[in-house]
Amino acid sequence: MLIKGYDVGPLVPGEPLLDRPGFWSNYLLAMCSGGGCAERPVPEWFGEDGADVDSLSEVLFDPEHWPVFRVPTDDGPGAVVIYRNLDDDYGTDYLITHPGRRYAEQIASWDGGFSGAGLTWPELTRIADNPSLADEGVQDTATRLLLLLPLLTDPDVQETASARLIAALTATGTPQDTAAIAAEHLLVHLARRSHHDPTWTSPLSGRGPGAGR
């Protein structure tokens, strides 16, 4: 598999893993690992258990296969999420694709903490809500929103964000009785590490600096 602009790693399509038990715990719980929660984040929030998480983590973090999740759009910038499974340098890289450009641009990464440029809530939902049916990748809007969620660096998230996030979580398998808890913790932790500067240039403009490596 080839992602132009990202020249390292044995990349493989990751979309088939999205329906595997343990995926969302692996992907989202890391955002709540910084402490400050009255409750300990657990896989059961997502309807999963520790065995699910451990089993899928062996696949997600396989140095021989780096899962790639493509979030193409019908109009405007899209995104790519890559599990960077280098020995001693595991992390997740986030790329933006621009219409008319041959190469994707890395804008952020997660290495036990977030670094790089992020998205506002309107930017994030615009990508999530505009799938390209003509391109390979994730088409479901709820799944797209959750894949993009770690990029949220907006301290002024709209009041509708919580309801939208709860709906996305339940649509992807989170039990209704824990979806609100999971959504609240995710948004609190995202807001806590938000560093969105009003003078900052959005990476969606094509002029913002990429995170690079």
- Check: Phe114 and Asp111 side chains under 4.5 Å, non-hydrogen atoms: no
- For Ile127, does its backbone N or O pair with a side-chain atom of Arg144 as donor and acceptor, under 3.5 Å? yes
- Query: For the residue pair Val68 and Glu15, what are the closest heavy atoms and their distance?
  - Reply: O-OE2, 3.6 Å
- Given side chain to side chain contact (heavy atoms under 4.5 Å, CB included), test Val157 with Leu190 step by step and report yes or no. CA-CA 10 Å; Val157 175; Leu190 286 164; over 6 Å; no
- Linking I/L/V/M/F/W/Y whenever their side-chain heavy atoms sit closer than 4.5 Å, directly or via other members, would Ile166 and Leu186 fall into one cluster? no
- Is there side-chain contact between His65 and Pro10, with at least one heavy-atom pair below 4.5 Å? no
- Item | Val8 and Leu86, any side-chain heavy atoms less than 4.5 Å apart | no
- Message: Using a 6.0 Å cut-off, check whether atom CD of Glu136 has over 12 heavy atoms from anything other than its own residue.
- Response: no
For residues 172-182, run the donor-acceptor check on the side chains, cut-off 3.5 Å, and write out each pair with its distance to 0.1 Å, sequence neighbours left out.
| from | atom 1 | to | atom 2 | distance (Å) |
| --- | --- | --- | --- | --- |
| Thr172 | OG1 | Ala168 | O | 3.0 |
| Thr172 | OG1 | Leu169 | O | 3.0 |
| Thr174 | OG1 | Leu169 | O | 3.3 |
| Thr178 | OG1 | Trp45 | O | 2.7 |
| Thr178 | OG1 | Pro175 | O | 3.3 |

- Message: Tell me which pairs pass salt bridge (charged side-chain N to carboxylate O under 4.0 Å, His left out) where either residue lies in residues 71-80, with sequence neighbours left out.
- Response: Asp75-Arg126
- Query: Can you name the nearest heavy-atom pair linking Ala117 to Ala108, along with the distance?
  - Reply: O-CB, 3.4 Å
- Task: Taking Thr120 for its side chain and Asp154 for its backbone only, find out whether a donor-acceptor pair lies under 3.5 Å.
- Result: no
- Task: Using the rule that two of Ile, Leu, Val, Met, Phe, Trp, Tyr join whenever any of their side-chain heavy atoms come within less than 4.5 Å, decide whether Tyr103 and Ile3 are in one cluster.
- Result: no
- Heavy atoms only: give me the nearest Ser109-Arg84 pair and the separation to one decimal. CB-NH2, 3.9 Å
- Would a 4.5 Å heavy-atom cut-off, applied to side chains only, mark Pro131 and Val138 as touching? no
- Query: What are the two closest heavy atoms between Gly137 and Pro72, and how far apart are they?
  - Reply: CA-CD, 4.1 Å
- Message: With heavy-atom distances below 4.5 Å as the criterion, would you say the side chains of Ser162 and Leu187 are in contact?
- Response: yes
- Looking at CZ of Arg102 and NZ of Lys4, how far apart are the two atoms once the value is rounded to the nearest 0.5 Å? 4.5 Å
- Message: So which atom in Thr73 and which in Asp135 form the shortest heavy-atom distance, rounded to 0.1 Å?
- Response: O-OD2, 4.5 Å
- Task: Report yes or no: do Val12 and Leu17 belong to one cluster of Ile/Leu/Val/Met/Phe/Trp/Tyr joined by side chain heavy-atom distances under 4.5 Å?
- Result: no
- Task: Dump the intermediate steps for side chain to side chain contact (heavy atoms under 4.5 Å, CB included) on Met1 and Trp66, then the final yes or no.
- Result: CA-CA 10 Å; Met1 183 178 187; Trp66 297 15; over 6 Å; no
- Item | Residues Leu146, Leu165; criterion side chain to side chain contact (heavy atoms under 4.5 Å, CB included); working and verdict | CA-CA 8 Å; Leu146 295 180; Leu165 183 52; 3.5 Å; yes
- Message: In the structure I gave you, are the side-chain heavy atoms of Leu11 and Leu2 within less than 4.5 Å of one another anywhere?
- Response: no
- Rounded distance [0.5 Å steps], OG1 in Thr153 versus CD in Glu123: 8.0 Å
- Message: Between Tyr94 and Ala79 (side chain of the first, backbone of the second, donor and acceptor by atom type, cut-off under 3.5 Å), is there such a pair?
- Response: no
- Does Arg164 reach the main-chain N or O of Glu159 with its side chain, forming a donor-acceptor pair under 3.5 Å? no
- Spacing of Leu119 atom CG and Leu151 atom CG [to the nearest 0.5 Å]: 5.0 Å
- Given Tyr83, Phe46, Phe69, the one that forms ring-ring contact (aromatic ring centres under 6.0 Å, His included) with Phe23: Phe69
- What distance do Ile96 atom CD1 and Ile107 atom CD1 have between them, rounded to the nearest 0.5 Å? 4.0 Å
- Item | Aromatic plane relationship, Tyr27 with Trp24 - under 30° parallel, 30 to 60° tilted, over 60° perpendicular | perpendicular
Donor-acceptor contacts, no H, no angles, side chain residues 51-58, under 3.5 Å, sequence neighbours left out:
| from | atom 1 | to | atom 2 | distance (Å) |
| --- | --- | --- | --- | --- |
| Asp52 | OD2 | Asp49 | N | 3.1 |
| Ser57 | OG | Val53 | O | 3.3 |
| Ser57 | OG | Asp54 | O | 2.8 |

- Measure across Leu29 and Pro43 and return the closest heavy-atom pair with its distance rounded to 0.1 Å. CD1-N, 3.7 Å
- Any donor-acceptor pair under 3.5 Å from Glu105 side chain to Leu95 backbone: no
